[in-house]
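Only one structure is covered here, and it is reproduced in the block below.
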Protein chains: 2
Amino acid sequence: MSDLHGNRGGKRERLIQSAQLLVHQQGVQRTTLAQVAANAQVPVGNVYYYFKTKDELVAAVIATYDDEMRAMLVMLERRPEPADRLKALTRHWADMGEISARYGCPMGSLCSELDKADGALDRDAERIMAIVVDWAEEQFRQMGQREPRDLAIALFSSVQGSALLANTFRDPDIVARQARRLEDWIDSLT
Amino acid sequence: MSDLHGNRGGKRERLIQSAQLLVHQQGVQRTTLAQVAANAQVPVGNVYYYFKTKDELVAAVIATYDDEMRAMLVMLERRPEPADRLKALTRHWADMGEISARYGCPMGSLCSELDKADGALDRDAERIMAIVVDWAEEQFRQMGQREPRDLAIALFSSVQGSALLANTFRDPDIVARQARRLEDWIDSLT
DNA sequence: GTCTATAAGATGATAGAC
DNA sequence: GTCTATCATCTTATAGAC
């Protein structure tokens, strides 16, 4: 493995991981580079060797979500039935209920915050959401549904909304119960 | 009318209105008191005569949302049928589709941001969300539904989620189409 | 490549004149 | 009651030593 980016000890990776956690917990604006550096056990001023700006670091965090989401969808493709794939995705989100109740959906709350910002980061975050919706749309289409796009958005809306309410009320049960409803709903379509 | 709070010219009200708009558009953290003051045509340092801290100003904004929401629910009570009341509420949210697509749901995005903050403001915001969910639950109960709480959360989740997606994709149509689906869904329950 | 020290700018909050 | 001037702090970003 070459030493691109001079990542002796994987500092770059540690910084991204640290930023990912802190941004989820505190949001982009409230997370300072000092916190990210401390959490990654890297000197503050050194951050700028790996990322020219804070936005660039956040972009790297978003890129990580992108990778993770794509990998997840590839995994789901293994299932032969589109309805099963959709239910598995729903269950995956339900499994994150505890953490969503604490800090919100990592991508959802990030999109919410970035859409109020000036930069171009919101476009990066939007792309990930689009990947999920497009994928769900394709599954509903394969199920022979008439309006697969609306169904995909209905599913994803419910997931995002229940994560928001779970976070607001600090009640992980909200995600779990709504996920169960959604699985039943998917079954009812077949 | 007495001059409580010394609101010559309604400066206090102007400040709250100004803060409400800016917080919706930019979020709490990104909104500076200088912006709020300028937008309200009040000198910067004067803000502290009306609000001891920035948090106190935000609390006043949330209290305004509280008033508005309660007034809205009282209006809806006029309709004799609970299903009509729920559909009217859904339609009201749909009417805010354009603005939600631009800046997100005012309360939803505020809750999302405040839950990542330290203060106690998130409790104030949570209370408003609870009022809505409790009210919707009561309507579903009056409709004779088995699990009114789950239905109320399902409805509100979909609304909040579609506002988030509409904001993320900058597409007001998402709110409109999902609202139509929700109205049909409510009809199907009767 | 790594790190310290610090510049540069913004922001919440205060003191005190009027 | 109203407003100006300013403080103190925090945060991003840079310069430059090692």
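Letters A, B, ... are given to chains in the order of the sequence lines, protein chains preceding strands, and every chain is numbered from 1. These numbers come from the heavy atoms of this one structure, side chains and all, not from hydrogens, waters or symmetry mates. Predicted model only: the values in this text are computed from it and were never measured.
Distance check, rounded to the nearest 0.5 Å: CZ of B:Arg79 to CZ of B:Arg85 gives 10.0 Å. Of the inter-residue distances, the one linking B:Ile186 atom CD1 with B:Thr90 atom OG1 reads 4.0 Å to the nearest 0.5 angstrom. For the atom pair CZ of A:Arg78 and CG of A:Asp84, the computed distance is 15.0 Å after rounding to the nearest 0.5 Å.
By the side chain to side chain contact (heavy atoms under 4.5 Å, CB included) test, A:Ala63 is found to be paired with no residue, residues two or more places apart in sequence or in another chain being considered. Applying the salt bridge (Lys or Arg N to Asp or Glu O under 4.0 Å) criterion to B:Arg146, with sequence neighbours excluded, gives no partner residue.
A straight line from CG of A:Leu33 to C1' of C:dA7 spans 16 Å, rounded to a whole angstrom. If you take CG of A:Leu57 and P of D:dA13, they are 10 Å apart, rounded to a whole angstrom. Here the P atom of nucleotide D:dA13 and the CD atom of A:Glu56 are 10 Å apart, to the nearest Å. Atom CG in A:Asn46 sits roughly 13 Å away from atom C1' in D:dT14 (whole-Å rounding). Straight-line distance from the CZ atom of A:Arg14 to the P atom of C:dT2: 10 Å, rounded to whole Å. One can place OH of B:Tyr50 at 7 Å from C1' of D:dG1, the figure rounded to the nearest angstrom. With rounding to whole Å, B:Lys54 atom NZ is found 22 Å from D:dA8 atom P. The nearest whole Å value for the distance from the CG atom in A:Asp55 to the P atom in D:dT11 is 16 Å.
Proximity of a side-chain donor or acceptor of A:Gln178 to a complementary backbone N or O of A:Val175 within less than 3.5 Å is not detected.
Residue B:Thr53 places its side chain closer to C:dA13 than to any other of C:dA13, C:dG1, D:dT12.
The stretch residues 20-29 of chain B has no heavy atom under 4.0 Å from DNA chain D, so no residue of it qualifies as close.
Applying the side chain to side chain donor-acceptor pair (under 3.5 Å) test to every pair with at least one member in residues 95-109 of chain B, sequence neighbours left out, gives these pairs: A:Lys116-B:Ser109. Residue pairs that meet the side chain to side chain donor-acceptor pair (under 3.5 Å) test with at least one member in residues 154-163 of chain B, sequence neighbours left out, are A:Ser158-B:Ser158.
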Evaluate ring-ring contact (aromatic ring centres under 6.0 Å, His included) for B:Phe140 paired with B:Trp135, printing each intermediate quantity in order.
-> CA-CA 9 Å; B:Phe140 281 116; B:Trp135 183 87; 9.4 Å; no

Would you tabulate the nitrogen or oxygen pairs shorter than 3.5 Å linking the protein to nucleotides 14-18 of chain C?
none

